[in-house]
Amino acid sequence: MRLSRYFLPVLKETPSEAQIVSHRLMLRAGLIRQHAAGIYNWLPIGYRVLRKIEQIVREEQDRSGAIEILMPTIQTAEVWKESGRYDDYGKEMLRIVDRHDRDMLYGPTHEEVVTDIFRSMVKSYKDLPKNLYQIQWKFRDEVRPRFGVMRGREFLMKDAYSFDLDEASARRAYNRMFVAYLNTFARLGMKAIPMRAATGPIGGNLSHEFLILAETGESGVFVHKGMLEKTVPANVDFDGDLQPIVDDWTSLYAATDEMHDASNEAELGDNLVSARGIEVGHIFYFGTKYSKPMGCKVVGADGQDVELHMGSYGIGVSRLVGAIIEASHDDAGIIWPESVAPFKVGLINIKPGDAATDAVAEDLYAKLEAAGVEVLYDDRADERAGAKFATADLIGLPWQLVVGPKGVAAGVVELKNRRSGEKVEMSVEAALAKLTA
RNA sequence: CGGGGUGUAGCUCAGCCUGGUAGAGUGCCUGCUUUGGGAGCAGGAUGUCGGAGGUUCGAAUCCUCUCACCCCGACCA
């Protein structure tokens with residue numbers, strides 16, 4: 001993409017509405033623009049990042065055996081009245097009345113809808129287990145939206161729902177999601193730590209929040225030092241026994257401040273790390289909470305009806321954009337992990353109009369594009385080098401490939417790593433080899 | 001939902017107290033110079049002063065109402 005033809009509205013100054021660093025950087029780097037409180041437009045590079053994250057989440061859900069569907073954003077109040085949540089949910093639910101005076105709502109979550117699908121279309125134990133997921137926009141009318149996309153009213157979420165015959169099977173479904181989440185966050189370049197979460201009336205220990213550690217996180221967290229070094233096993237067999245992996249990742253202490261029990265502190269001693277985190281995923285098993293009131297059951301092997309055991313599993317996709325920035329930035333701007341970067345390379349032509357420089361830059365651009373490398377080519381003739389560098393740092397592409405007259409005369413270009421700041425001069429061929437590897 | 005604050009140019013903000021021709025920086029446009037880390041000079045365009053009502057000869061400024069946004073707290077992916 002040529003920057004001269006692109007839409008990248010960067011701001012030199014920070015809009016006063018933004019408090020935290022990810023929000024400021026998202027506005028300044030032209031990722032988003034606020035439309036109303038807690039509701040955002042996604043501008044080109046912001047949307048690219050959102051889609052990258054979405055795709056990684058999707059691939060890992062698919063790998064774990066979950067099946068993608070798409071449910072409506074607007075739901076009928078009817079199913080919520082069945083589950084009993086219509087009155088419980090309160091003003092966070094955006095309620096809408098249609099022209100026929102029917103009560104509708106903009107979905108804040110989809111347990112009722114997916115349960116309705118399942119009960120009407122699945123009749124036999126032979127069709128279980130199943131895990132259906134979607135990546136869909138949701139709306140919760142937060143009293144006080146803040147922190148940009150981290151706490152918006154409208155947000156993109158991956159939500160999965162598992163259906164099983166019994167609790168043991170549901171636990172296996174839970175474990176599959178648990179491990180899928182480990183894989184997902186690792187691919188996003190993030191260290192996300194599962195922490196035991198409140199389970200509500202169901203009890204047990206089958207609920208975990210996944211938090212990305214960041215100084216500006218909303219929740220205080222207390223974790224055993226060992227949690228920070230845990231790795232995600234490669235090539236997991238999702239049909240196999242995942243309990244050992246789950247056990248490993250839950251063997252050490254990790255709790256958010258609301259679940260933290262200070263009596264553990266003495267025992268942990270020097271191993272206790274106190275930090276802050278951003279919740280980016282939440283999984284839980286809730287048994288027959290919805291299947292019972294909504295009559296979601298199948299015929300079992302013995303011919304008797306069985307109420308299904310369900311779980312639901314969320315990942316805040318749009319929130320992750322902000323969370324990743326919180327965890328990965330510096331004074332100059334964003335530092336994208338390569339897996340979610342809007343472009344891999346920022347190709348900077350320092351002196352457009354200089355024939356030799358243009359020739360090298362255009363050649364590099366063509367070859368990178370041909371090799372399938374996502375490259376944003378700063379070919380603007382009306383910006384000086386300093387402004388281009390500042391923009392490149394701000395938008396945080398992993399690599400900056402700098403082509404200028406001095407280097408070209410010497411037969412070299414400069415490759416800068418955004419994260420480390422390291423700059424290396426090399427031949428055009430070497431740079432191409434490095435970026436297309 | 002309680003408490004606080006802010007609405008003036010695309011963005012950051014001054015002007016309001018003490019009513020009298022709407023400003024600065026930045027960005028944008030034009031020209032010249034410059035050209036490897038957000039250039040310099042000169043010229044230029046840009047506003048229902050959030051909205052409605054009121055007071056007044058006259059309102060960005062004072063009064064009333066209203067809307068939006070932000071912050072703190074309680075609540076949440």
Side-chain angles (χ1 to χ4, degrees), chain A residues 9-20 23-24 27-28 30 33-39 57 89-93 107-110 135-160 181 192 197-198 207-212 217-219 256 258 277-284 312-323 331-333 348-354 357 378 380-395 400 402-410 412-414 416 421 423 425:
Chain A
V10 300
L11 300 173
K12 211 165 183 177
E13 287 172 286
T14 302
S16 55
E17 71 204 48
Q19 258 341 267
I20 62 167
H23 191 192
R24 288 202 296 260
L27 291 167
R28 283 198 54 213
R33 176 177 162 84
Q34 179 165 308
H35 175 75
I39 302 176
V57 169
Y89 218 90
K91 299 184 84 170
E92 267 197 0
M93 178 185 278
T109 181
H110 284 71
I135 298 172
Q136 176 66 293
W137 290 95
K138 307 203 190 292
F139 195 91
R140 293 184 193 168
D141 200 359
E142 299 278 349
V143 192
R144 189 184 161 208
R146 63 186 119 171
F147 306 146
V149 300
M150 297 245 289
R151 177 93 181 268
R153 291 194 292 173
E154 186 183 57
F155 56 97
L156 186 62
M157 185 175 173
K158 184 285 301 180
D159 47 324
Y181 277 34
S207 179
H208 287 88
E209 295 178 345
F210 288 73
L211 287 97
I212 286 178
E218 288 190 81
S219 322
T256 59
E258 38 182 36
I278 301 163
E279 185 184 346
V280 290
H282 196 166
I283 61 178
F284 52 96
S312 74
Y313 315 90
I315 290 180
V317 175
S318 50
R319 164 178 281 196
L320 268 164
V321 179
D331 289 344
I348 298 175
N349 183 341
I350 283 194
K351 194 171 183 181
D354 177 272
T357 307
D378 193 342
R380 293 174 297 173
D382 52 355
E383 290 293 347
R384 295 156 56 96
K388 293 184 179 183
F389 291 135
T391 299
D393 285 346
L394 177 63
I395 66 174
Q400 294 171 20
V402 181
V403 181
K406 288 182 204 163
V408 166
V412 295
V413 293
E414 181 186 279
K416 173 179 165 180
K423 301 175 191 169
E425 290 196 330

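Lettering follows sequence order; numbering is per chain, from 1. All values below were derived from every heavy atom in this structure, side-chain atoms included, with hydrogens, water molecules and symmetry-related copies excluded.
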Classify the nucleic acid contact of A:Pro9 as base, sugar-phosphate or nothing, counting any heavy atom under 4.0 Å across all strands shown. nothing
Just verifying a value: how many Å separate A:Arg140 CZ and A:Met93 CE, rounded to the nearest 0.5 Å? 10.0 Å
Closer than 3.5 angstrom, by distance alone: can the side chain of A:Arg146 be matched with the main-chain N or O of A:Arg151 as a donor-acceptor pair? no
Look at all strands and tell whether A:Ala36 reaches a base, only sugar-phosphate, or nothing, counting heavy atoms closer than 4.0 Å. sugar-phosphate
Taking B:C11, B:C69, B:U35 as options, the one with an atom nearest any side-chain atom of A:Arg384 is B:U35
Side-chain donor/acceptor of A:Glu13 to base of B:G25, under 3.5 Å: yes
Check step by step if side chain to side chain contact (heavy atoms under 4.5 Å, CB included) holds for A:Thr14 and A:Leu27. CA-CA 8 Å; A:Thr14 302; A:Leu27 291 167; over 6 Å; no
Step by step, work out the side chain to side chain contact (heavy atoms under 4.5 Å, CB included) result for A:Glu218 and A:Phe147. CA-CA 10 Å; A:Glu218 288 190 81; A:Phe147 306 146; 3.9 Å; yes
Between B:A45 and B:A24, how far is it from one P atom to the other, in whole Å? 12 Å
5'-most contact on RNA chain B: A:Gly38 or A:Gly407, nearest heavy atom basis? A:Gly407
May I ask which nucleotide in the shown strands pairs with B:C28, Watson-Crick or G-U wobble, both distances under 3.5 Å? B:G44
For B:G38, which nucleotide is its Watson-Crick or G-U wobble mate, given both distances must be under 3.5 Å? none
Without hydrogens or angle criteria, can the side chains of A:His282 and A:Ser207 be said to hold a donor-acceptor pair below 3.5 Å? yes
Distances under 3.5 Å only, N/O to N/O: pair up the protein atoms with those of nucleotides 3-7 of chain B.
none

Taking the P atom in each of B:A68 and B:G27, what is the distance between them to the nearest angstrom? 34 Å
Spacing of NZ belonging to A:Lys138 relative to CG belonging to A:Asp159, to within rounding of 0.5 Å: 3.0 Å
When you measure from the side-chain N and O atoms of A:Lys12 to the phosphate of B:U12, is any distance below 4.0 Å, counting only OP1 and OP2? no
Between A:Gln34 and B:C70, does any side-chain N or O lie under 4.0 Å from OP1 or OP2? yes
Whole angstroms only, please: what is the CG-C1' distance between A:Leu11 and B:C28? 13 Å
P spacing across the pair B:G23 / B:C28, given as an integer number of angstrom: 23 Å
How far does the C1' atom of B:G53 sit from the matching atom of B:C11, given to the nearest Å? 32 Å
Atom-pair distance (CZ on A:Arg28; P on B:G38), nearest Å: 14 Å
Whole-Å gap separating P (B:C69) and NE2 (A:His23): 13 Å
Atom CG of A:Asn349 and atom P of B:U35 are separated, to the nearest Å, by 17 Å
Distance check needed: B:A68 C1' versus A:Ile39 CD1, whole Å only. 13 Å
Check every strand shown and say whether A:Lys158 touches a base, only sugar-phosphate, or nothing at a heavy-atom separation below 4.0 Å. nothing
Does the pair A:Met150 and A:Ile20 meet the rule for a side chain to side chain contact (heavy atoms under 4.5 Å, CB included), with working shown? CA-CA 10 Å; A:Met150 297 245 289; A:Ile20 62 167; 4.1 Å; yes
Would you mind pulling out the nucleotide paired to B:C1, Watson-Crick or G-U wobble, both distances under 3.5 Å? B:G73
If pairing requires Watson-Crick or G-U wobble contacts with both distances under 3.5 Å, which nucleotide is the partner of B:A9? none
Taking OP1 and OP2 of B:G36, is either one under 4.0 Å from a side-chain nitrogen or oxygen of A:Lys406? no
From B:C11, B:C69, B:G37, nucleotide with atom closest to A:Asp393 side chain: B:G37
To the nearest Å, how far apart are A:Leu27 CG and B:U12 C1'? 14 Å
Using whole Å, report how far NZ of A:Lys351 lies from P of B:G37. 13 Å
Closer than 3.5 angstrom, by distance alone: can the side chain of A:Lys388 be matched with the main-chain N or O of A:Asn349 as a donor-acceptor pair? yes
Output a table of nitrogen or oxygen pairs between the protein and nucleotides 72-77 of chain B separated by less than 3.5 Å.
| residue | atom | partner | partner atom | Å |
| --- | --- | --- | --- | --- |
| B:C72 | OP2 | A:Arg144 | NH1 | 3.3 |
| B:C72 | OP2 | A:Arg144 | NH2 | 2.1 |
| B:A74 | N6 | A:Arg146 | NH2 | 2.8 |
| B:C75 | O2 | A:Arg151 | NH2 | 2.7 |
| B:C75 | N3 | A:Arg151 | NH1 | 3.4 |
| B:C75 | N3 | A:Arg151 | NH2 | 2.7 |
| B:C75 | N4 | A:Arg146 | NH2 | 2.9 |
| B:C76 | O2 | A:Arg151 | NE | 3.3 |
| B:A77 | O3' | A:Glu279 | OE1 | 2.9 |
| B:A77 | O3' | A:Glu279 | OE2 | 2.2 |
| B:A77 | N6 | A:Gly152 | O | 2.5 |

Proximity to the side chain of A:Pro405 - top-ranked nucleotide from B:G36, B:G37, B:C69: B:G36
Would you measure the distance from the P atom in B:A60 across to the matching atom in B:G19 and give it in whole Å? 13 Å
What is the distance from atom CG of A:Leu11 to atom CZ of A:Arg24, rounded to the nearest 0.5 Å? 13.5 Å
What is the nucleic acid contact for A:Lys91, judged by heavy atoms within less than 4.0 Å: base, sugar-phosphate only, or nothing? sugar-phosphate
Please work out if A:Ala385 contacts a base, only the sugar-phosphate, or nothing of the nucleic acid, heavy-atom cut-off 4.0 Å. sugar-phosphate
Taking A:Arg153 for its side chain and A:Glu142 for its backbone only, find out whether a donor-acceptor pair lies under 3.5 Å. no
With rounding to the closest Å, how many angstrom separate the C1' atoms on B:G73 and B:C57? 49 Å
Short side-chain to backbone donor-acceptor contact, A:Tyr181 and A:Tyr313, under 3.5 Å: yes
In the strands shown, is B:G20 matched to any nucleotide by a Watson-Crick or G-U wobble pair with both distances under 3.5 Å, and which? B:C57
If I take atom CZ in residue A:Phe389 and atom C1' in nucleotide B:A39, what distance separates them, rounded to the nearest angstrom? 15 Å
B:U61 and B:C70: how far apart are their C1' atoms, nearest whole angstrom? 23 Å
Could you pull out the closest heavy-atom pair between A:Ala192 and A:Ile212, with the gap in Å? CB-CG1, 4.2 Å
For A:Arg380, give me all partners under salt bridge (Lys or Arg N to Asp or Glu O under 4.0 Å), at least two apart in sequence or on another chain. A:Asp378
Atom P, compared across B:G47 and B:G10: separation rounded to whole Å: 8 Å
Does B:C70 have OP1 or OP2 sitting under 4.0 Å from an N or O in the side chain of A:Ser16? no
